[in-house]
Amino acid sequence: MARYERIASDLRDAIVGGDYPIGAQLPSEAELALRYSAARGTVRQAVALLAAEGLVGSRQGARRIVLGSERSQSFAELHSFAQWARSMGYRAGGTVLSSLRRPCSPSEAVRLSLEPGEEVLAVLRLRRLDGEPVLVERTVYAGWIASAVERLDPDCESVTQELYESVGLVFAYGEHLIDAVAAGSEDARLLGVRRGSPLLRQRRVTTTQEGRPVECSDDRYRAGSVTFSIRNSTSANPLVRRAGD
């Protein structure tokens with residue numbers, strides 16, 4: 001773990017633990033640099049990481065204000081669930097419940113740029129934070145990467161990291177659609193909620209640097225388990241509002 005990540009982790013623990021409540025100011029960069037015997041640039045990186053996570057304000061030239069203490073996943077960078085969890089100081093876990101090859105559906109063919117009926121690998125995975133079930137992932141992998149996915153340990157923490165280390169695959173771009181859905185019987189059972197309970201759904205397509213689709217996924221989070229952080233401005237706006245589909 002880099003020095004700035006260790007500092008960010010310590011500050012994150014203090015925020016989540018209530019040492020810095022919502023609305024409070026963090027110490028100045030100079031004070032933090034003295035506390036951690038670190039360069040101000042290193043402290044600035046640490047605080048920027050907390051800002052990207054939505055925990056502190058990002059206004060320059062002033063002390064950062066604490067905005068929240070919830071689990072928040074930012075879309076400023078493309079991270080897997082496990083990578084995000086680790087950066088937030090949580091212990092991530094995952095279990096593959098089913099994995100099978102089958103012909104792609106018409107919608108999967110469009111999302112993954114495949115021919116109709118081309119073979120894909122469909123994986124159902126339950127994700128946990130600190131042992132608590134929070135996410136059901138239904139991921140469909142393009143056939144060209146299916147064998148590499150099948151060789152992974154079913155309980156591996158990060159598929160993204162394992163694929164990079166085993167075959168050099170880099171997930172470079174992601175498109176995310178977010179909405180709310182009611183829990184069906186399977187989701188309710190896996191997440192320990194009532195059938196019909198609200199779930200936060202994230203549908204995504206991830207591609208390589210060259211734009212080749214790797215996977216499409218339907219991820220369903222238990223209500224209250226995470227929040228999503230999207231920061232925008234008049235010059236850069238990654239958030240697009242769309243009608244339901």
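The minimum heavy-atom distance linking Leu112 with Tyr141 is given by the pair CD1-C, 4.5 Å.
Within the 3.5 Å criterion, the main-chain N or O of Ser28 finds a donor-acceptor partner in the side chain of Glu31. Remark: the backbone N or O of Pro133 is paired with a side-chain donor or acceptor of Arg222 at under 3.5 angstrom. In terms of modelled atom types and a separation under 3.5 Å, the side chain of Ser197 and the main chain of Val193 share no donor-acceptor contact. Of the possible donor and acceptor atoms, none in the side chain of Arg111 sits under 3.5 Å from a partner among the backbone N and O of Pro213.
For the residue pair Tyr20 / Gln25, no side-chain donor-acceptor distance below 3.5 Å is found, with atom types taken as modelled. At a cut-off of 3.5 Å, with distance as the only test, a side-chain donor of Arg128 or Thr95 sits close to an acceptor on the other residue. Checking Ser105 against Ser107 by side-chain atom types alone, a donor-acceptor pair falls below 3.5 Å. Looking only at atom types and distance, the side chain of Ser217 has no donor-acceptor partner in the side chain of Glu215 under 3.5 Å away. No hydrogens or angles considered: nothing links the side chains of Thr42 and Arg6 as a donor-acceptor pair under 3.5 Å.
No side-chain heavy atom of Leu32 sits less than 4.5 Å from a side-chain heavy atom of Ile7. No side-chain heavy atom of Leu126 sits less than 4.5 Å from a side-chain heavy atom of Leu135. Contact annotation: the side chain of Ile178 never approaches that of Tyr221 to less than 4.5 Å [non-hydrogen atoms, C-beta and beyond]. The closest side-chain heavy-atom distance from Val170 to Tyr164 is below 4.5 Å. Contact check for Val96 versus Glu137: no side-chain heavy atoms found under the 4.5 Å cut-off. Contact check for Ser99 versus Leu121: side-chain heavy atoms found under the 4.5 Å cut-off. Leu114 is not listed as a side-chain neighbour of Glu108, based on a closest heavy-atom distance of 4.5 Å or more. Between Ser37 and Arg3, the closest side-chain pair of non-hydrogen atoms falls below 4.5 Å.
To the nearest 0.5 Å, atoms CG (Leu199) and CG (Asp219) are separated by 11.5 Å. Here the straight-line distance linking atom CD of Glu115 with atom SG of Cys104 works out to 9.0 Å at 0.5 Å rounding.
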Could you list the donor-acceptor pairs under 3.5 angstrom formed between side-chain atoms of residues 183-192 and any protein atom two or more places apart in sequence or on another chain?
| from | atom 1 | to | atom 2 | distance (Å) |
| --- | --- | --- | --- | --- |
| Ser185 | OG | Arg195 | NE | 3.0 |
| Glu186 | OE1 | Arg138 | NH2 | 2.8 |
| Asp187 | OD1 | Arg138 | NH1 | 3.0 |
| Asp187 | OD1 | Arg138 | NH2 | 2.8 |

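Residues meeting the salt bridge (charged side-chain N to carboxylate O under 4.0 Å, His left out) test with Glu5, sequence neighbours left out: none.
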